[in-house]
Amino acid sequence: MHILGLSAFFHESACCLLRDGVLVAAAEEERFSRVKHDPRLPVEAFRFCLEAGGIGIDEIDCVAYYERPVDKLARQLWAGAPEGAGGDLPWLDPGRPERAIREGLGWEGPIRTYPHHASHAASAFFFSGFPEAAVLTVDGVGEWATTTYGVGRGAAVECFAEVEFPHSLGLLYSTLTSWLGFAVNDGEYKVMGLAPYGEPRLLDAMRRLIATGPGGQFRLDLRYFDFVRGRRMFSPHLSELLGAPPRRPGGEITQLHKDVARSLQAALEEILLEKVGWLHERTGLPDLCLAGGVALNVVANGRIRREGPFARLFVPPAAGDSGGCLGAAALCHAELTGERPAGTPDGGPLRHAFFGPQWSAREVAALIAATGLPARDFRGREAALLEAVVDRLVDGAVVGWFHGPLELGPRALGGRSLLADPRDPGMRERLNRLVKKREAFRPFAPSVLAGEAAAWFDLDHPSPFMLETCAVTAPIPLPAITHVDGSARPQTVDPAVAPRYAALLAAFARRTGCPLLVNTSFNVAGEPIVGSPVDALASLGTSGIDALVLEDFLLDRAGLPAGWEERLVAWRPRGRDGSTRRESAIAAELYTFV
Amino acid sequence: MKDDDVRKEACRELAERLATPEGLRTARLLQRAGLLAGAAPEAPEPPPPLPRPISIWQPRREDGGTVWVRPEPGPFGDHYAVRRELRPKRAELPLRVALFGESVAAGYLYAPHLTPAGVLAAQLQAAGGAENFEVIDLARTDETLAGLLATVRASLQVNPDVLVLFAGNNWNLLETPEVSPYAPSVAARQEYAAALRAEGLAGPLRLARERLRQAVEAVYGEIALLARTVGIPVVVVIPEVNLDDWENRQPVPWLPGDGVARWYALYGEAAAALERGEPAVLERAERAARAMLDLDGGLCPTPWRLLARARQALGDLKGAAAAARAEVDAARYPTLAFLGAPQATAEVRALLAGMVRQHGFSGFIGVDLPAVFAGHTGSPLPGRRLFLDYCHLTAEGMRVAMAAVAATVLDLSGLVESPPDWRTLLAQSPGPAVAPEAEATARLGAAIHGAHRLLAVGPKPGFLAPWCAAALDASPGIAGTLLDLVEARSAPCPAVLTAAQQRNAASPYRLLLQHGWQWDHLDAEVIAALRTALAARGRPDEVDAEIDRRLLAFRALGDEGIDLAHPPFFLWEPLERFYPEVMSFADLAAPAYLRCPWPATAFALLTRGDCDVELDLTLRLPPPPGTSGGRSGEVAVAANGREIGSVAAGERWTRARLRVAREALHPGLNRLTLAWPPPPPAGDDPLAAVADRLDLGIAADLHPVFGEIFALRAHLVPRLVPEV
């Protein structure tokens, strides 16, 4: 049985394919279209899933969509159209998703829809390997729910409590993100990274914004928020409360801004820990599954794991909306078969996120030959390739690493990564300024051999998806990956799952004694992570990296012909139809409710 | 129940009703009636203070004054003149002539080596003295009316003495994009539906005409006011377009009953008759074309083109010209669902002439290029001699056009005792020469760019091959560039990443964006054209071998197979898609399958020709709008014109396998064609169903979709037994 799962029309469109309950392919549309956070119908991701599954459109049994359009419209009507949403009211049409699936994808068969938070819950539980678990989902908003509490058991995930819009932890965080001058649905990570530079001296102010309630409930004080009807996320009262005007985008980041970020983060962690505690009390279960956009707050996840009452925590690699398609597909499988989808071939937890497209060495060889770029060919000589990469890393190079299938989710995990020496004191600044072209305060995360993790981090369990922070306990300084509060967000690399990447870490360890590398996503600010070898080659010219490993080939930036970078910068990467790339799909000032 | 709960319940029920067709229709009716409006748009921002940018020239303080400086052009060029600085005038002379306009005025395909501004300057200076005249080039490709006004207004900061406005070709989709069934606006779609219901396709045409007239009158009125205030004359150039060596053959929109099938049958008849070319047969072509016009009400350009061809072949040039002009007028964008070529219509010329009359007292003077070109060539059918493509000028075209402008400016200036007429000026001062390499590059660009805008049901080589040959005539060294183009097109990456592009960037035949270099399709027609041109210069076998070698180096069908119907597209005619799919609009991304708007769809198959090829097709036949149930037929599949089989298809996806024997293939480029059955009769008013959909705010096609292809996978069938 083939179930196709779809997330679309809100944030991060994506598509996945389940075959007999096992995930065989999944990808976000942005990696194909090159439009960051692309919310449109995931046409390319859809075609990829079929091709990866070796099936035609006539072999899909059912399409599962990750939310209920009618319920979502009801909430949008209740909230009223936000000012500045435009006079056209296209969103009054709840038939649009189904029509898009039929007319845009050509799908003729049955379509089933599932509540947004149920899709989040299922994306975690059915891929966790837990036979039963408590399930917590937290995001901006789905249809009505912003937070749900439930239990996953067997083939079902039952929700027993929820918090309704407009009371939302995700929107709280997004509102302060906006006040801090960052784009909503894009800048929350930056706020999280900024927090350790501040003091929680405004925690009381944050507690005025959000008040906990009985059980799983909490409420926002809506006097401070304007996201329901206004053109901005926050009302003027918020600035009065914080004692300063909102930060202008791109403006100076002051200690106040850092303190606001820290206080917000503390408030979020406080309330999440409380609600996790309540959930544990309510369910009595030892394991917790967590999903929804707020589950990408790795700092909060770290505290939940360390200080929370649950013995084990599972957060899926695509915990945000792009993962909703997995949950919808899993729910559909359960509904149609009456059985729990295995999720993985052995029914255990997801151990990797490598479900996207990949290219053969032959295809890469043909591409390189067409470019005429000088490249070293290491086909059949993996050990020599790894040594050549280590040579460059210890010399201080930033190396683009393109290997195997594309990762699902926001993190690069050794498929599409930029790698660097974590011991280098200047590396963080260089990566931020020259390569990623992003704010200087943002930290980088490491990949570490799974067997060595406990010796370098306060981490006693696998963490394959970089979804929690922990303390750095390394025997040597690791300035490139240690945040200002001594924490890091490590990825543990299992040789059974990513053999070449693990072998690279091992080679680096043999040379330096350090079994870990800086691993940041292979992209520059404003662009999605590279998807194809063409994207990677283009980035070699425009991103400031020193070398690129494209499967079995190694290219050095120094070997690029004259004018290459200039031509690439002048060239506008095209969408799939040859059209020019569009800018990010996010409306920077206002959460995309419609 | 609390008030809030009551409200939530009401919203839930309302959402459920909106999920029904009647519910959504009710909401959209409320919108149309103006009873349900969204938020008001934000007020426009006030204009920036002086000094303001002039187009892309940014103001910079220097020595107590202001100079306007543009960024360096990138390696692929851009849409603007390359002149780095603009400075205010310091003295009365030289007289400063400012040229504004669209890609024609910017010298598209020749720029920066040769531009109308450069030609105009040379002619004025030759006739009137270098110290008396200068020209600043403020034209840009993709110029709009709003952009034109803004640039004219800003240009007053550098004190022009004469304004020359050379615009009108772009006055279609760029100017009133809301008059389209694909406009990304519910209100626009509803308005389109209302016009369609009221007057058929003539309704949206009228809407577009009115909107354009209002926009032109507003902009030119504003320019007249500015000019009058400053006291400077305005020369308005009325554009001419290519009528002989260009075509706008588009599909016909839905016709009632079996009109579509009959129209295409007549088309086939007319095209075949034109191919034969004998007078008796040509009259048959004319009759068929007129019958097509009867069916489509003259609103489709294709039969006009066929009529023009027939009339021309019969020696009636005036009749041919009239039909060709009607063709241009019929290719207007309200029915245009296909990426065509912008050409000024009769309506545009009338509007411009009207502006000249209306604002004559403000110093408006017209230059009528249609009359000038006809006088120069002696033919009412301007073609390849003056035009590189649909509207962009050859070097000769530029010189003639600018001679007419120069003569007018000389006359206005009062600086020349006996200002010459344009013929005299042209003879005495033709303008600057262009280097052979630049000429060759422009001609090759004409072939490439032409292929990317020429929508023709029928072979393109007649348009493209002459330009490839002309490029070689101008500079034989461009042969290497032609071969580099083949290599770039068949590379498994965008052209910009290829070694071929790197070689070209360092050559004297550097192709820029304007030449269509960056085009991620195979460009089969261009390849065919340059093969013809190269082979004609000798050693055709070597040429063929080299082109095939380059084509097959990266793109030869391999073991893993390829889906011809998906990017990288191997469509023979990438333009034969609805333009929202070619352009990929914000809310109208291309679907996951290929929609075929023509009776036949062709693909390019690159193979070494030493194995059979198996085709795995998934296709279906969509029903006409407002109908359902029962469309079925045979889809014939051919390889290089030889039928290899057929697929019995219906309204749901059908999967079939066909084998192409290696004897039907040759090494290199092969053409696979799917011929669709005609659509069934569409009822009395198929466009009513289209209007219903638009009323709901949903985009709709005015044109039939003959077939849809989800996949067309081709893969090699390995030989089991080696040949003895």
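- With hydrogens and angles ignored, the 3.5 Å screen pairs no side-chain donor or acceptor of B:W653 with any backbone N or O of A:G56.
- Both the backbone and the side chain of A:D93 come within contact range of chain B, each with at least one heavy atom under 4.5 Å from a heavy atom of that chain.
- When all heavy atoms are compared, the tightest approach of B:L18 to A:L77 is CD1-CD1, 4.0 Å.
- Both the backbone and the side chain of A:R567 come within less than 4.5 Å of a heavy atom of chain B.
- Within a 6.0 Å sphere centred on CZ of B:R17, other residues, nucleotides and ligands contribute 12 heavy atoms or fewer.
- With a 4.5 angstrom heavy-atom cutoff, B:T498 touches chain A via backbone and side-chain atoms both.
- For B:D563, the part lying under 4.5 angstrom from a heavy atom of chain A is the side chain only.
- Proximity to chain B is absent for every atom of A:E363, based on heavy atoms less than 4.5 angstrom apart.
- Residue B:L24 touches chain A through its side chain alone, counting heavy-atom pairs closer than 4.5 Å.
- Of all heavy-atom pairs spanning B:A27 and A:L92, the tightest one is CB-CD1, 4.2 Å.
- The minimum heavy-atom distance linking A:E108 with B:R652 is given by the pair OE2-CA, 3.2 Å.
- Nearest heavy-atom pair across B:Q502 and A:T371 is NE2-O, 3.1 Å.
- A:V534 approaches B:P494 most closely through the heavy-atom pair CG1-CD, 3.5 Å.
- Interface residue A:A369: backbone and side-chain heavy atoms are both found under 4.5 Å from chain B.
- Here the shortest heavy-atom pairing between A:L105 and B:F710 reads O-CE1, 3.6 Å.
- With a threshold of 4.5 angstrom between heavy atoms, A:E143 does not approach chain B through any atom at all.
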